[in-house]
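This report refers to the structure that appears directly beneath it.
Throughout, numbering of the chain's residues begins at 1 and tracks the sequence. What's counted below: heavy atoms across the whole structure, side chains too, no hydrogens, waters or symmetry copies. Source: prediction; values computed, not measured.
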Amino acid sequence: MTIRETTVAWTVLDSPIDKLLLTTDGAGLSRVWFAPFDHVELDPETRDDDHPVLALARQQLTEYFAGTRRDFDVPLSPGGTPFQNQVWTALRDIPYGETASYVEVARAIGRPTASRAVGAANGRNPIAVIVPCHRVIGSNGLLIGYAGGAARKRRLLDLETGALQLG
């Protein structure tokens with residue numbers, strides 16, 4: 001499957017956990033995806049490592065992986081439905097180094113019976129790491145439901161709790 005979207009510019013960041021593809025629609029950061037990127041069709045001529053949104057995202061992600069940044073303020077443009085955006089906003093409210101269950105996120109958005117829908121929105125999060133879907137865990141404490149894979153989820157959580165130094 002090939003994903004096509006309105007991408008004004010894109011870049012790749014070599015992070016300690018994998019290569020990350022960053023895209024912008026011009027207004028904000030629209031995607032942060034883990035490699036491989038074979039499902040994405042990108043025009044090589046739109047690669048722009050110096051685009052202001054992408055440069056800021058690269059800087060902030062580099063600081064995050066070095067352990068010197070806990071919050072991101074790069075402008076975001078994730079698209080999505082109103083419900084997905086409500087979930088993604090709630091994810092950004094989960095503090096660095098902490099986790100919340102799908103049920104807790106559902107309660108936080110005022111939809112206490114929507115934990116499965118929260119899981120679906122979490123799985124469709126287009127801006128990994130910055131919109132911290134890795135901080136959402138099962139009610140039983142298990143690391144479930146991460147599109148980037150359980151190993152990446154564990155490494156991100158370990159980085160945030162100080163159990164792992166990546167920088």
I want to check something: taking the side chain as every heavy atom from C-beta on, are [X] and [Y] in contact at a cut-off of under 4.5 Å?
| X | Y | result |
| --- | --- | --- |
| Val129 | Phe34 | yes |
| Arg111 | Phe83 | yes |
| Asn85 | Pro78 | yes |
| Val32 | Leu21 | no |
| Asn125 | Ile127 | yes |

[X] side chain to [Y] backbone, donor-acceptor under 3.5 Å:
| X | Y | answer |
| --- | --- | --- |
| Asn122 | Val118 | no |
| Ser77 | Ser30 | no |
| Arg69 | Asp71 | yes |
| Arg58 | Val12 | yes |

Which label fits Tyr64 and Phe72: parallel for a plane angle under 30°, tilted from 30 to 60°, or perpendicular past 60°?
tilted
Is there a path from Leu29 to Val8 through hydrophobic residues (I, L, V, M, F, W, Y) whose side chains come within less than 4.5 Å of each other?
no
Any side-chain donor paired with an acceptor under 3.5 Å for Gln60 and Asp73?
yes
Let me confirm one number: the [atom1]-[atom2] distance from [X] to [Y], rounded to the nearest 0.5 Å.
| X | Y | atom1 | atom2 | answer |
| --- | --- | --- | --- | --- |
| Thr99 | Glu104 | OG1 | CD | 7.5 Å |
| Leu42 | Thr23 | CG | OG1 | 7.5 Å |
| Leu156 | Ile17 | CG | CD1 | 4.0 Å |

Which heavy-atom pair separates [X] from [Y] by the least distance, and what is that distance?
| X | Y | value |
| --- | --- | --- |
| Ser101 | Val136 | C-CG1, 4.0 Å |
| Arg107 | Pro112 | CG-CB, 4.0 Å |
| Gly97 | Thr161 | O-CG2, 3.7 Å |
| Ala35 | Arg152 | O-NH2, 3.2 Å |
| Trp88 | Ala121 | NE1-O, 2.9 Å |
| Phe65 | Ser15 | CE1-CB, 3.5 Å |

Using side-chain contact (heavy atoms from CB on, under 4.5 Å) as the criterion, list what pairs up with Asp14, not counting sequence neighbours.
Lys19
Can you give the donor-acceptor pairs under 3.5 Å from side chains of residues 46-57 to other protein atoms, not counting sequence neighbours?
unit_1	atom_1	unit_2	atom_2	d
Thr46	OG1	Trp10	NE1	3.1
Thr46	OG1	Asp43	O	2.8
Arg47	NE	Asp49	OD1	3.1
Asp48	OD1	Asp50	N	3.0
Asp48	OD1	His51	N	3.1
Asp49	OD1	Thr11	OG1	2.4
His51	ND1	Val53	N	3.1

Which residue pairs pass the side-chain hydrogen bond (donor to acceptor under 3.5 Å, both in side chains) test when at least one of the two sits in residues 130-142, sequence neighbours left out?
His134-Glu160, Arg135-Glu160
